[in-house]
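Data first, discussion second: the structure below is written as structure tokens.
Lettering follows sequence order; numbering is per chain, from 1.
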There are 2 protein chains.
Amino acid sequence: MNQRLSSLHKSHSRRPRLADHVYAKLKKMIFDFELIPGDHFSEADVVERFEASRTPVREALQRLQREGYVEVRFRSGWQVRPFDFEVFEQLYDVRMVLECSAIERLCAMKRQPTVIEELSEFWRIPVEKRSHDIRLSDDDQYFHTSLVAAAGNAEMASIHRDVSERIHIIRRLDFTQASRIEATFDEHAEIIHAIRKQHGEYAQQLMRTHIAASRDEVRKITLHMLHEARKRHEAHEDEELVKANNRGR
Amino acid sequence: MNQRLSSLHKSHSRRPRLADHVYAKLKKMIFDFELIPGDHFSEADVVERFEASRTPVREALQRLQREGYVEVRFRSGWQVRPFDFEVFEQLYDVRMVLECSAIERLCAMKRQPTVIEELSEFWRIPVEKRSHDIRLSDDDQYFHTSLVAAAGNAEMASIHRDVSERIHIIRRLDFTQASRIEATFDEHAEIIHAIRKQHGEYAQQLMRTHIAASRDEVRKITLHMLHEARKRHEAHEDEELVKANNRGR
DNA sequence: GCATTCCATCTGGTATACAAGAAGCTTGCA
DNA sequence: TGCAAGCTTCTTGTATACCAGATGGAATGC
């Protein structure tokens with residue numbers, strides 16, 4: 001009884017670490033283009049924004065730095081790491097390698113994991129029932145990461161997840177075009193079908209084509225989107241300026 | 001002139017970050033089995049050892065934690081992450097996938113990077129001239145990492161380097177056996193030869209066999225070495241205890 | 001008017017103080 | 001002697017103070 005109460009109390013009082021919260025929020029801001037690649041900011045800015053002290057803020061920034069999202073310059077502030085399309089292309093290639101390896105292993109399995117069937121169910125739906133929500137990009141990411149996870153190598157899955165997440169910031173932009181969405185449904189369904197039939201080489205070829213298409217498409221539209229985000233950002237800043245001036249009078 | 005002086009001064013006065021120093025030293029201690037997997041320690045211990053404050057110590061520990069070398073338990077201290085052979089096996093598999101991909105790309109190149117020739121020079125030496133130094137494990141790691149780097153994908157090379165480094169802690173143990181050293185020279189030379197001849201499939205097969213052999217061998221001897229290290233550690237602790245007792249009298 | 005120098009200010013790196021949970025020891029009791 | 005409650009101590013998480021380098025602008029010399 002005492003134990004139950006105490007553990008209950010614990011689960012209530014154990015608040016999540018502030019550093020984790022700041023980390024997640026900052027990452028979300030970067031993904032939502034509230035912080036645009038190239039933006040400069042200081043630790044004090046983040047402290048003010050999140051009402052936390054520098055210690056957890058610094059921990060969060062260091063994690064983001066290690067993951068490639070931000071950079072610090074010695075006593076000259078932090079910066080959201082600018083887009084480097086060469087890096088993204090390389091990450092796409094890493095994905096190809098890892099996912100093809102996963103497919104090879106999955107096709108060699110006598111008894112495939114049940115998640116394969118679930119994925120098959122999800123992506124093999126008629127055209128008229130397909131969602132066109134932007135959140136479909138999360139489902140897309142889930143498709144790829146759970147394929148790799150299903151292959152059974154947890155370390156490889158972890159690496160692949162990190163890579164996918166880094167790509168995700170621009171990958172989502174691919175899901176603004178209806179034609180690409182339709183293609184994604186079709187291609188995912190076809191890949192899963194080939195895996196279930198254990199046509200390893202063919203499934204790998206499909207996956208390579210699928211990823212390459214995504215890579216090429218994203219490259220085309222990213223520059224445009226980035227430009228739009230920057231415009232919105234500047235407009236917002238002007239608005240703030242007007243308000244400040246009005247208050248000043 | 002002033003600029004030259006000031007930049008000179010800068011390069012002198014810019015001392016390396018304490019956090020980096022602590023990070024490197026701690027990692028070295030873990031690799032040298034001064035800190036044994038499973039060992040328990042607190043941030044205060046590290047502070048005392050390195051005469052640094054908690055801030056850089058914590059940064060170092062957090063980096064090591066993200067890289068999988070240590071773990072923290074909420075308000076109950078840190079511990080060196082115990083060996084998990086399943087993880088090592090998985091990391092070996094990741095290496096196989098990445099290195100085979102690199103080989104495939106290298107073999108597809110019309111003009112291969114010059115580093116390939118350098119590696120060929122290094123490993124194709126007569127039996128009687130071969131070094132048996134333990135530092136050969138560094139050369140071995142260099143062989144594999146520069147192969148991947150030569151394939152041209154910097155992100156993939158970075159991931160591969162991290163994986164290789166995590167394995168290195170036990171991989172070195174493989175270089176205590178003369179037969180394994182000889183095999184390494186032979187196999188490296190053969191792999192490079194196949195790459196230069198652009199026999200992609202064959203080179204990949206050789207690499208898979210090579211890595212698998214290393215993996216299997218290391219697994220055999222790691223438990224033994226770990227046992228030895230623990231014995232040495234305890235003997236050292238006893239010694240300290242004796243000294244302390246003598247001082248006490 | 002222009003360049004240069006110097007200083008106030010801002011930055012991240014480090015040290016330290018404080019908070020609160022976890023663990024182990026001590027003490028009291030049965 | 002066994003055991004349990006409570007308290008002391010030790011732990012990490014967080015906040016804050018201090019330091020030195022970097023920066024930008026104002027003041028100064030030409």
Query - All side-chain hydrogen bond (donor to acceptor under 3.5 Å, both in side chains) counterparts of Tyr23(A), not counting sequence neighbours - result: Lys27(A), Glu67(A)

Looking at the side chain of [X], which of [options] is the nearest nucleotide?
| X | options | result |
| --- | --- | --- |
| Arg75(B) | dT14(C), dT12(D), dT16(D) | dT12(D) |
| Pro56(A) | dT14(C), dT14(D), dG12(C) | dT14(D) |
| Ser76(B) | dG13(C), dA22(C), dT14(C) | dA22(C) |

Once you round it to whole Å, what is the distance between [atom2] of [N] and [atom1] of [X]?
| X | N | atom1 | atom2 | answer |
| --- | --- | --- | --- | --- |
| Glu43(A) | dA17(D) | CD | C1' | 15 Å |
| Glu59(A) | dG12(C) | CD | P | 17 Å |
| Arg58(B) | dA15(D) | CZ | C1' | 12 Å |
| Phe41(B) | dT12(D) | CZ | P | 9 Å |
| His40(A) | dC10(C) | NE2 | P | 18 Å |
| Arg17(B) | dT14(C) | CZ | C1' | 10 Å |
| Trp78(B) | dT11(D) | CH2 | P | 14 Å |
| Leu18(B) | dC19(D) | CG | P | 16 Å |

Requested in this report: Classify the side-chain pair Ser214(B)/Arg171(B) by whether it contains a donor and acceptor separated by less than 3.5 Å.
Outcome: yes

Query raised in the report: Trp78(B) and side chain to side chain donor-acceptor pair (under 3.5 Å): which partner among Gln65(B), His40(B), Glu43(B)?
Result: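 Output: one option passes, namely Glu43(B).
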
Report task. Report the residues that fulfil side-chain contact (heavy atoms from CB on, under 4.5 Å) with Val46(A), sequence neighbours left out, ordered by chain and then residue number. Result ->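 For Val46(A) the side-chain contact (heavy atoms from CB on, under 4.5 Å) partners, ignoring immediate neighbours, are Val22(A), Leu26(A), Phe41(A), Phe50(A), Val57(A).
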
Query raised in the report: Does Asp162(B) come within less than 4.0 Å of Arg66(A), counting only side-chain N to carboxylate O?
Result: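 Result for this pair is yes, salt bridge flagged.
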
Requested in this report: Please check the phosphate of dT14(C) (OP1 and OP2 only) for any side-chain N or O of Ser53(B) closer than 4.0 Å.
Outcome: no

Query raised in the report: Checking all strands, does Thr55(A) fall into the base, sugar-phosphate, or nothing category for heavy-atom contacts under 4.0 angstrom?
Result: base

Report task. Return yes if the base of dG13(C) and the side-chain atoms of Arg54(A) contain a donor-acceptor N/O pair under 3.5 Å, otherwise no. Result -> yes

